[in-house]
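Have a look at the structure below, then the notes.
Numbers here are sequence positions counted from 1.
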Amino acid sequence: MKKIILIGIFSALPIVVFNSCNTSNSQPLAEKTSEDEAYITIDTSKIPDDQFGESVRYGRELMLKTAYYIGPNGVKGKYLGNKMNCTNCHQDAGTKPYAFNLMSSHDNYPQYRGRENKVLTLAERVNNCIMRPHSGKPLPLDSDEMVAFLSYFKFISKFVPKDGDFKGAKNLEIEFPDVAASPERGKALFVENCARCHGNNGEGVYNADKSGYTYPPLWGDYGYQPGSSMHRVIKQAQWLKSNMPYDKVTIGKPYLTDQQALDIAAFVNDDAIHPRPNPKTLDYPNKMGKPIDYSHSPFQDNFTEEQHKYGPYKPIIAYWKKNGWKAVY
């Protein structure tokens, strides 16, 4: 097995979770990959010099410094229950390829969401992130902050095709192994390579003024809730594959194997050893819209909670396909 230098796993999130250590959140992405394959970039110099532009700039600041502005000690309001930032998961303020990219979000909403089993507006989706990964309370829909988020999403949407089909729009897919993800194997990887950034207890490391995290917490009272997307092993593994370790991976060129990414996600999300803030209610009221790696019953199938959480996932997917159902993950 290759030695892995996994530094700075993540933060949700917004569906929020792991943060790449020492990764700049303010610089535009490289325009070309090593194979000269173009990725879409955002030209912030094109933000207009008017009131709308002011809102766009504030929205981008909110993405980068969410906790500073609206965290538990926020200078603009106290809406978050922890000090993680949107960019911990939606890296580079939502513009990095394969990192929960948000450049098409303005065009993709309103959208049906299985978590609530209803069609959500983009503003409702923003509040979904604030309430789950951030354990917070909803922003007023007419607040400067909500308007700024939506203004920013509208601005960055101008750079992408209207059909949402562009390179890096989604995270890299995982090829599922025949065995379940292993928290035990994941622990060994974490202890050797991740604890120096996120701490032995996954508590993270605050920045200098403690307004946010340099390396965010991965579990505990200030981590993301079980209802967050990052609490799903497949979803988190896709993010890890695309973005970690920060000093070994390049855009579109993974370093972790699929099995390693799944194992690390299994360890971080092992509820038997890692406490989390408890959501008031469990999500996904419609069993047909529940992702296969969401581990709270009831299920549309007869597989156990443990298999839904850790896999192996191939039998679940095959069962759904046999019955003419679409497996979500």
Check your understanding: For residues E306 and T304, is any side-chain donor paired with an opposing acceptor at under 3.5 Å?
Key -> no
Exercise for review: Using a strict cut-off of less than 4.0 Å between a Lys/Arg side-chain nitrogen and an Asp/Glu carboxylate oxygen, indicate whether D293 and K235 qualify as a salt bridge.
Suggested key: no
Exercise for review: Look at the side-chain heavy atoms of Ile, Leu, Val, Met, Phe, Trp and Tyr, link any pair under 4.5 Å apart, and say whether M244 and V249 land in one connected group.
Suggested key: no
Revision key, fill the gap. Smallest heavy-atom separation, L262 atom then P177 atom, equals CD1-CD, 3.6 Å
Exercise for review: Find the distance between CZ (R113) and OH (Y284) and round it off to the nearest 0.5 Å.
Suggested key: 6.5 Å
Review point. Taking atom types as modelled, is there a side-chain donor on R232 or N269 under 3.5 Å from an acceptor on the other?
Key: no
Review point. Between T257 and Q259, does a side-chain hydrogen bond (donor to acceptor under 3.5 Å, both in side chains) hold up when you go through it step by step?
Key: CA-CA 5 Å; T257 67; Q259 182 70 72; over 6 Å; no
Review point. Do K46 and F159 meet the cation-pi criteria used here (NZ or CZ under 6.0 Å from the six-membered ring centre, within 45° of the axis)?
Key: no
**Study point:** Y68 side chain near V75 side chain, heavy-atom distance below 4.5 Å
**Key:** yes
Review point. How about T87 and N85: does a side-chain donor come under 3.5 Å of a side-chain acceptor?
Key: no
Review point. Are Y112 and N117 close enough that some pair of their side-chain heavy atoms sits under 4.5 Å apart?
Key: yes
Exercise for review: Output, in order, the C-alpha distance, side-chain angles, deciding distance and verdict of side chain to side chain contact (heavy atoms under 4.5 Å, CB included) for K96 and N243.
Suggested key: CA-CA 10 Å; K96 182 181 177 183; N243 297 286; 3.1 Å; yes
Check your understanding: In this structure, are over 12 heavy atoms from other groups packed under 6.0 Å from D163 atom CG?
Key -> yes
**Study point:** More than 12 heavy atoms of other groups within 6.0 Å of K321 NZ
**Key:** no
Check your understanding: Looking only at heavy atoms, what is the nearest atom pair of G114 and P285, with distance?
Key -> O-CD, 4.0 Å
Check your understanding: Should we say atom CG of N286 is surrounded by more than 12 heavy atoms from elsewhere, each under 6.0 Å from it?
Key -> yes
Exercise for review: Any chance you could lay out the side chain to side chain contact (heavy atoms under 4.5 Å, CB included) test for D263 and Q260, step after step, and finish with the verdict?
Suggested key: CA-CA 5 Å; D263 289 345; Q260 289 165 344; 5.6 Å; no
**Study point:** Nearest non-hydrogen partners of N101 and G168, listed with the distance
**Key:** CB-O, 3.6 Å
Check your understanding: Quick one: are P254 and L256 in side-chain contact, heavy atoms under 4.5 Å?
Key -> no
Exercise for review: Take K162 and S157 through the side chain to side chain contact (heavy atoms under 4.5 Å, CB included) test and state the conclusion after the steps.
Suggested key: CA-CA 8 Å; K162 294 298 109 174; S157 74; 4.2 Å; yes
Check your understanding: Where is the tightest heavy-atom contact between A261 and L240, given as atom of each residue plus distance?
Key -> O-CD1, 3.6 Å
Check your understanding: Do F149 and C86 have side chains that get closer than 4.5 Å, going by heavy atoms?
Key -> yes
Exercise for review: For the residue pair N127 and M146, establish whether any side-chain heavy-atom pair is separated by less than 4.5 Å.
Suggested key: yes
Check your understanding: Would a 4.5 Å heavy-atom cut-off, applied to side chains only, mark D144 and K76 as touching?
Key -> no
Point to revise | K167 to Y39, cation-pi by 6.0 Å centre distance and 45° axis angle | key: yes
**Study point:** Parallel, tilted or perpendicular: ring planes of H90 versus F100, cut at 30 and 60 degrees
**Key:** tilted
Point to revise | Pairwise side-chain contact, S135 with D221, heavy-atom cut-off 4.5 Å (strictly under) | key: no
Point to revise | Close aromatic pair by centroid cut-off 6.0 Å: Y206 and Y222 | key: no
**Study point:** Shared hydrophobic cluster for V56 and Y109 (ILVMFWY, side-chain gaps under 4.5 Å)
**Key:** yes
Review point. Is the distance between the ring centroids of F267 and W219 less than 6.0 Å?
Key: yes
**Study point:** Side-chain donor-acceptor pair present, Y69, E145, cut-off under 3.5 Å
**Key:** no
Review point. Would you say the side chain of S211 lies within less than 4.5 Å of the side chain of K65, judging by non-hydrogen atoms?
Key: no
Practice item. State whether the number of non-hydrogen atoms from other residues, nucleotides or ligands found under 6.0 Å of D49 atom CG is greater than 12. Key: no
Exercise for review: Assess whether atom OH of Y98 is packed by more than 12 heavy atoms of other residues, nucleotides or ligands within 6.0 Å.
Suggested key: yes
Exercise for review: Under the side chain to side chain contact (heavy atoms under 4.5 Å, CB included) rule, what do L218 and H274 come out as? Steps first, then yes or no, please.
Suggested key: CA-CA 9 Å; L218 306 182; H274 295 151; over 6 Å; no
Practice item. Please check if Y152 and I130 belong to a single hydrophobic cluster, counting links between Ile, Leu, Val, Met, Phe, Trp and Tyr side chain heavy atoms closer than 4.5 Å. Key: yes
Practice item. Look at atom NZ of K210 and say whether more than 12 heavy atoms of other residues, nucleotides or ligands are closer to it than 6.0 Å. Key: no
Point to revise | Sole residue of F303, Y329, F299, F176 in side chain to side chain contact (heavy atoms under 4.5 Å, CB included) with I316 | key: F303
Review point. Does the distance from a Lys or Arg side-chain N to an Asp or Glu carboxylate O, for D271 and K309, drop under 4.0 Å?
Key: yes
Check your understanding: Taking all non-hydrogen atoms of both residues, which atom of P277 and which atom of P226 are closest, and how far apart?
Key -> O-CD, 3.0 Å
Check your understanding: Do L62 and F155 belong together in a cluster built from hydrophobic side chains that touch within less than 4.5 Å?
Key -> yes
**Study point:** Axial cation check for Y224 ring with R132, 6.0 Å and 45° limits
**Key:** no
Check your understanding: Are M288 and L120 grouped together when hydrophobic residues (ILVMFWY) are joined by side-chain heavy atoms under 4.5 angstrom apart?
Key -> no
